[in-house]
Amino acid sequence: MAEMSQNFIHDFIDEELAPGGRCAGMRVHTRFPPEPNGYLHIGHAKAIYVDFGTAEKYGGLCNLRMDDTNPTKEDVTYVEAIQEDIKWLGFDWEDRFYFASDYFEEMYGYAEELIGKGLAYVCQLTPEEMKANRGDVGKPAQSPYRDRPIEESLDLFRRMRAGEFPDGAMTLRGKIDLASGNFNMRDPVIYRISHMHHHRSGDKWCIYPMYDYAHPLEDAIENITHSLCSLEFEDHRPLYEWVRDNVSVKGNPRQIEFARLNMTYTVMSKRKLRQLVEEGHVSGWDDPRMPTLCGLRRRGYTPASVRNFAERIGVAKAASTVEYGFLEHCLREDLNLSAARVMAVLRPVKLTITNYPEGRSETFMVENNPNRPEDGEREVTFSRNLYIEAEDFMEEPAKKYFRLFPGNEVRLKGAYVVKCTGCVKDEAGNVIEVLAEYDPDSRGGNPADGRKIKGTIHWVDESTCLEAELRLYDNLFTDPAPDAGDKNFIDALNPDSLKVLTGCKVEKSLGEAKIGEAFQFMRMGYFSLDPKDAGPGKLVFNRSVTLKDSFKKEGD
RNA sequence: UGGGGUGUAGCCAAGUGGUAAGGCACGGGACUUUGACUCCCGCAUCCGUUGGUUCGAGUCCAACCAUCCCAGCCA
């Protein structure tokens with residue numbers, strides 16, 4: 001994997017690694033700490049790249065840690081999916097796979113330590129009262145329990161743990177600064193009561209540490225040197241450091257924040273993605289239109305393309321929204337190098353070569369990838385009856401159209417040059433068959449007299465081709481910023497984001513296609529089998545991305 | 001109008017006082033048995049604004065403007 005390019009985080013780490021710096025002589029150690037309450041998406045891919053990539057750049061380590069401090073939304077199915085997605089991306093946490101819940105006992109001990117130092121107290125304000133007593137810009141927060149004696153807080157905290165009190169009855173709060181301009185410091189709750197089954201610790205606990213308290217401890221316990229997270233935690237950093245510095249945990253991690261990824265024509269929040277799934281706007285978390293890693297994978301995205309995308313968008317602190325087209329560019333760039341070229345007709349119309357004998361056929365060898373001769377050739381069958389793309393014929397050609405129209409010559413890729421002589425229509429006036437004559441002296445597509453043929457189109461042989469279902473995708477939303485401001489993103493859903501084409505005609509070689517194998521359907525885009533719906537004798541392809549097209553207006 | 005951030009091209013993004021990298025997009029051209037790919041060329045006299053310091057400012061200072069995040073017993 002190519003080394004990550006320099007960014008502001010690395011500048012900072014360089015300083016800390018220098019003689020006299022906080023991390024002089026130490027090994028860089030980062031972590032990726034998802035909460036197992038949903039599926040990973042392309043935004044996480046950036047974070048994963050930053051966390052693992054930074055460690056790798058410095059010859060350090062990166063842990064995978066499930067930040068499971070709130071059992072209400074968490075589930076094991078997510079922890080498995082998360083691991084699968086990270087592995088798919090190509091990153092390796094080796095044997096360093098941890099759970100925040102494994103540190104509950106240790107964290108509890110540090111909480112008693114804080115109480116003992118007079119730095120935490122049990123507060124019995126109800127959630128509503130706490131909210132009402134939070135104060136405002138000019139008015140400090142309040143809690144009548146703030147000066148509760150240490151012994152009393154300790155006793156109450158132990159009884160909280162023992163399960164003597166119902167949810168919400170009391171909390172443990174850090175005793176910091178009720179008047180701070182940073183509301184995170186106004187005696188934040190660090191433990192709450194929640195009588196809930198935890199996916200890992202079961203019913204052992206009924207009190208759970210809050211993120212702001214737990215995270216710095218998790219990092220310190222794992223000896224993390226750099227805790228990289230997104231910008232919204234920037235004003236939590238003073239609290240992160242307060243916890244780290246007021247408890248006897250050994251580690252000394254430092255939090256650094258960077259901008260999270262936003263993209264056009266999609267949404268990135270777990271809540272919204274969940275809504276798309278639950279309301280049935282998509283077929284599931286792995287719907288090929290979803291920005292989830294499982295969705296992208298099913299769509300045909302390669303790990304390399306996603307990693308390369310993450311590398312090229314950079315890491316900075318300015319809020320940014322990357323164009324979705326850039327992700328697509330990264331996919332094309334990768335697939336162009338590796339995907340085998342094949343011919344497939346999405347919207348078939350018959351092409352009859354009227355001067356080619358009936359019953360005769362011949363085979364041609366066609367290169368699999370013109371950019372890579374070493375990929376070899378394959379056989380395609382040619383005969384009198386073929387299928388071509390309906391859009392490759394126009395009875396009355398548009399301006400600059402150089403495909404099939406009466407009187408015009410076109411090359412059938414790898415076979416012969418043919419000249420259009422007309423077409424057959426049904427009663428409604430639809431073209432149902434295109435007629436042409438071939439030039440016998442153009443075998444392989446090279447006219448004997450050397451005349452130039454401007455257009456080359458793809459085709460398949462009627463009697464040997466296979467039928468397939470092709471699924472074409474477009475942006476999930478018609479609005480580049482579907483959830484900006486107070487917009488309801490559901491209103492911006494693209495009704496045409498999925499087009500299912502049946503009865504498509506694909507060349508015979510595609511019968512050997514394997515799950516995970518990418519193809520370029522010449523002139524039509526990159527496709528791969530749908531891993532869920534394709535099966536023996538059932539060809540179902542997803543279009544991963546279109547080809548760039550300087551002629552057509554639409555990328556259908 | 002509290003606290004914390006951020007403003008360099010349509011979108012990302014380098015730049016760390018010495019005269020605006022790179023990528024995507026876009027436009028033009030060459031090549032082409034994919035209107036793809038590839039290859040050339042073009043694309044910020046200017047860095048949110050206004051002042052100031054300096055021989056010299058995107059880089060330093062000041063003020064202002066814009067914009068994002070924060071008042072969960074979520075993460």
Side-chain angles (χ1 to χ4, degrees), chain A residues 5-7 11 33-35 37 67-70 72-74 123 125-127 130-131 134-139 141 167-173 180-186 188-194 207-208 210-212 214-215 229-238 257 259-261 263-264 270 311-330 332-333 336-337 341 343 366-367 369-371 400-403 410-415 417 442 444-446 453-458 480 520-526 546-552:
Chain A
S5 57
Q6 189 74 13
N7 60 49
D11 292 343
E35 182 185 18
N37 69 344
D67 204 1
D68 55 353
T69 57
N70 181 357
T72 64
K73 305 172 293 180
E74 295 157 8
C123 177
L125 252 21
T126 64
M130 197 178 292
K131 188 178 167 85
R134 206 176 310 279
D136 55 41
V137 172
K139 192 175 125 204
D167 290 4
M170 52 189 75
T171 59
L172 183 68
R173 290 229 251 170
S180 175
N182 180 351
F183 278 61
N184 294 309
M185 301 297 271
R186 296 243 307 191
V189 170
I190 60 181
Y191 267 91
R192 78 284 217 179
I193 300 172
S194 181
I207 58 172
Y208 292 93
M210 298 289 290
Y211 168 87
D212 284 318
H215 209 83
C229 65
S230 48
L231 246 26
E232 64 263 35
F233 294 106
E234 211 155 15
D235 47 21
H236 291 238
R237 198 192 320 140
E257 313 83 9
R260 67 189 317 157
L261 172 67
M263 294 189 72
T264 57
K270 240 175 239 180
E311 161 66 26
R312 301 223 268 159
I313 55 175
V315 181
K317 295 190 74 158
S320 62
T321 301
V322 176
E323 291 171 343
Y324 200 85
F326 187 57
L327 212 209
E328 298 185 319
H329 163 82
C330 291
R332 284 190 196 101
E333 186 179 62
N336 177 47
L337 297 174
R341 274 61 171 170
M343 294 197 281
V366 181
E367 78 280 348
N369 187 337
N371 300 334
K400 290 190 176 172
Y401 186 81
F402 52 76
R403 281 113 93 159
V410 118
R411 175 165 36 235
L412 296 179
K413 170 72 186 178
V417 168
S442 64
N446 297 304
I453 305 298
K454 176 75 171 159
T456 299
I457 65 173
H458 60 284
Q520 185 198 90
F521 288 6
M522 294 194 74
R523 305 204 303 137
M524 306 310 285
Y526 294 97
T546 61
L547 251 31
K548 260 184 74 175
D549 193 335
S550 57
F551 178 68
K552 286 178 283 190

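Chain identifiers are assigned alphabetically (A, B, ...) following the order of the sequence lines, protein sequences preceding nucleic acid strands; residue numbering begins at 1 within each chain.
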Base, sugar-phosphate, or nothing: which does A:T126 touch, judged by heavy atoms less than 4.0 Å apart?
base

Mind checking if A:E234 touches a base, just sugar-phosphate, or nothing, with heavy atoms under 4.0 Å?
sugar-phosphate

Per atom distances to the A:N182 side chain, the nearest of B:G2, B:C74, B:G3 is B:G3

Does B:A44 pair with anything, Watson-Crick or G-U wobble, both distances under 3.5 Å, and if so, with which nucleotide?
none

If we take the C1' atom in both B:G52 and B:C41, what is their distance in whole Å?
42 Å

State the syn/anti category of B:G42 according to its glycosidic angle, syn meaning within 90° of 0.
anti

If you look at every strand shown and take non-hydrogen atoms under 4.0 Å, does A:Q6 touch a base, only sugar-phosphate, or nothing?
nothing

Would you mind classifying the nucleic acid contact of A:Y208 as base, sugar-phosphate or nothing, using non-hydrogen atoms under 4.0 angstrom?
nothing

Please name the pair of heavy atoms, one in A:R186 and one in A:G135, separated by the smallest distance, quoted to 0.1 Å.
NH2-C, 3.6 Å

Looking at every non-hydrogen atom in both residues, tell me the closest pair between A:R332 and A:T546 and how far apart they are.
NE-O, 2.7 Å

Where is the tightest heavy-atom contact between A:A318 and A:A259, given as atom of each residue plus distance?
O-CB, 3.4 Å

A:L547 atom CG is separated from B:C37 atom C1', nearest whole Å, by 9 Å

Once you apply the 3.5 Å cut-off to both distances, tell me the Watson-Crick or G-U wobble partner of B:A20, or none.
none

If only side-chain N and O atoms of A:R237 are considered, is one of them under 4.0 Å from the OP1 or OP2 phosphate oxygen of B:G5?
no

Donor-acceptor pair present, A:D549 side chain and B:G35 base, under 3.5 Å
no

Check this for me, if you would: do A:E328 and A:K548 make a salt bridge, where the nitrogen-to-carboxylate-oxygen distance has to be below 4.0 angstrom?
no

If you check the A:K548 side chain, which of B:C24, B:C74, B:C37 turns out closest?
B:C37

Distance, rounded to the nearest Å, where A:R186 contributes CZ and B:G72 contributes P
12 Å

For nucleotides B:A21 and B:U67, find the distance between their C1' atoms and express it as a whole number of Å.
26 Å

Across the strands shown, which category fits A:R411 at heavy-atom distances under 4.0 angstrom: base, sugar-phosphate, nothing?
base

Partner of B:U50 under the Watson-Crick or G-U wobble criteria, both distances under 3.5 Å, comes out as B:A62

Looking at the side chain of A:N70, which of B:A75, B:U34, B:C24 is the nearest nucleotide?
B:A75

Scan A:F521 against the nucleic acid and name what it touches under 4.0 Å (heavy atoms): base, sugar-phosphate only, or nothing.
nothing

Minimum-distance nucleotide to A:F183 side chain [options: B:A71, B:C12, B:C73]
B:A71

Roughly how far apart, to the nearest Å, are B:G48 and B:C55 at atom C1'?
28 Å

Gap in Å between the two P atoms, one belonging to B:C68 and one to B:G51, rounded
27 Å

Side chain of A:D235 only, heavy atoms from C-beta on: which candidate in B:A75, B:C70, B:G35 is closest?
B:C70

When the C1' atoms of B:U34 and B:U19 are compared, how many Å lie between them, rounded to an integer?
46 Å

Centroid under 5.5 Å and tilt under 30°, A:Y211 to B:A75:
no

Within the structure shown, what part of the strands sits under 4.0 Å from A:I453 by heavy-atom distance: base, sugar-phosphate, or nothing?
nothing

Answer with base, sugar-phosphate or nothing: what part of the nucleic acid does A:R341 contact at a heavy-atom distance below 4.0 Å?
base

B:G28 versus B:C69 - spacing of their C1' atoms, nearest Å:
44 Å

Quick one: label A:F326 by what it contacts on the DNA or RNA (base, sugar-phosphate, nothing), any heavy atom closer than 4.0 Å.
sugar-phosphate

Given B:G72, is OP1 or OP2 found less than 4.0 Å from the side-chain N or O atoms of A:K131?
yes

With rounding to whole Å, what would you report as the distance between B:U54 and B:A30 at their C1' atoms?
49 Å

Quick one: label A:H215 by what it contacts on the DNA or RNA (base, sugar-phosphate, nothing), any heavy atom closer than 4.0 Å.
nothing

Looking across every strand, which nucleic acid part, if any, lies under 4.0 Å from A:Y191 by heavy atom: base, sugar-phosphate, or nothing?
nothing

With hydrogens left out and only the distance checked, is there a donor-acceptor pair under 3.5 Å joining A:R403's side chain and the base of B:G35?
yes

Taking for A:L412 and for A:L231 the nucleotide of RNA chain B with the nearest heavy atom, the one nearer the 5' end belongs to A:L231

I need the minimum non-hydrogen distance between A:H458 and A:M522, along with the two atoms involved.
ND1-O, 3.6 Å

A:D136 has an atom CG; how far is it from atom P of B:U1, in whole Å?
16 Å

Within this structure, what is the CG-to-P distance between A:L172 and B:C73, rounded to whole angstrom?
13 Å

How close do A:C123 and A:M130 get, counting heavy atoms only, and between which atoms?
SG-CE, 4.3 Å

Just to be sure I understand the rule, does A:S320 reach a base, reach only the sugar-phosphate, or reach nothing, if contact means heavy atoms closer than 4.0 Å?
sugar-phosphate

A:G445 to A:V417 - nearest heavy-atom pair and separation
O-CG2, 3.9 Å

Using whole Å, what does the distance between atom P of nucleotide B:C68 and atom CZ of A:R260 come to?
16 Å

Pair assignment for B:U38, Watson-Crick or G-U wobble, requiring both distances under 3.5 Å
B:A30

May I ask you to evaluate whether A:R523 reaches the phosphate of B:G35, defined as a side-chain N or O under 4.0 Å from OP1 or OP2?
yes

Test item: side-chain donor near acceptor, A:N182 and A:S180, under 3.5 Å:
no

In whole angstroms, the gap separating P of B:U16 from CG of A:N7 amounts to 16 Å

Would you mind classifying the nucleic acid contact of A:N446 as base, sugar-phosphate or nothing, using non-hydrogen atoms under 4.0 angstrom?
base

Whole angstrom is fine here: how far is it from CD in A:E311 over to C1' in B:G22?
12 Å

Spacing of NZ belonging to A:K270 relative to CD belonging to A:E35, to within rounding of 0.5 Å:
6.0 Å

So what does A:V410 hit on the nucleic acid, given a heavy-atom distance under 4.0 Å: a base, only sugar-phosphate, or nothing?
nothing

Between NE2 of A:H236 and C1' of B:G72 the distance, given in whole Å, is 10 Å

In terms of the nearest nucleotide of RNA chain B, which residue is placed more toward the 5' end: A:K400 or A:A316?
A:A316

Could you check whether any side-chain N or O of A:N184 sits under 3.5 Å from a backbone N or O of A:D235, counting only pairs where one atom can act as donor and the other as acceptor?
yes

Quantified in whole Å, what is the C1' atom distance between nucleotide B:U53 and nucleotide B:C70?
36 Å

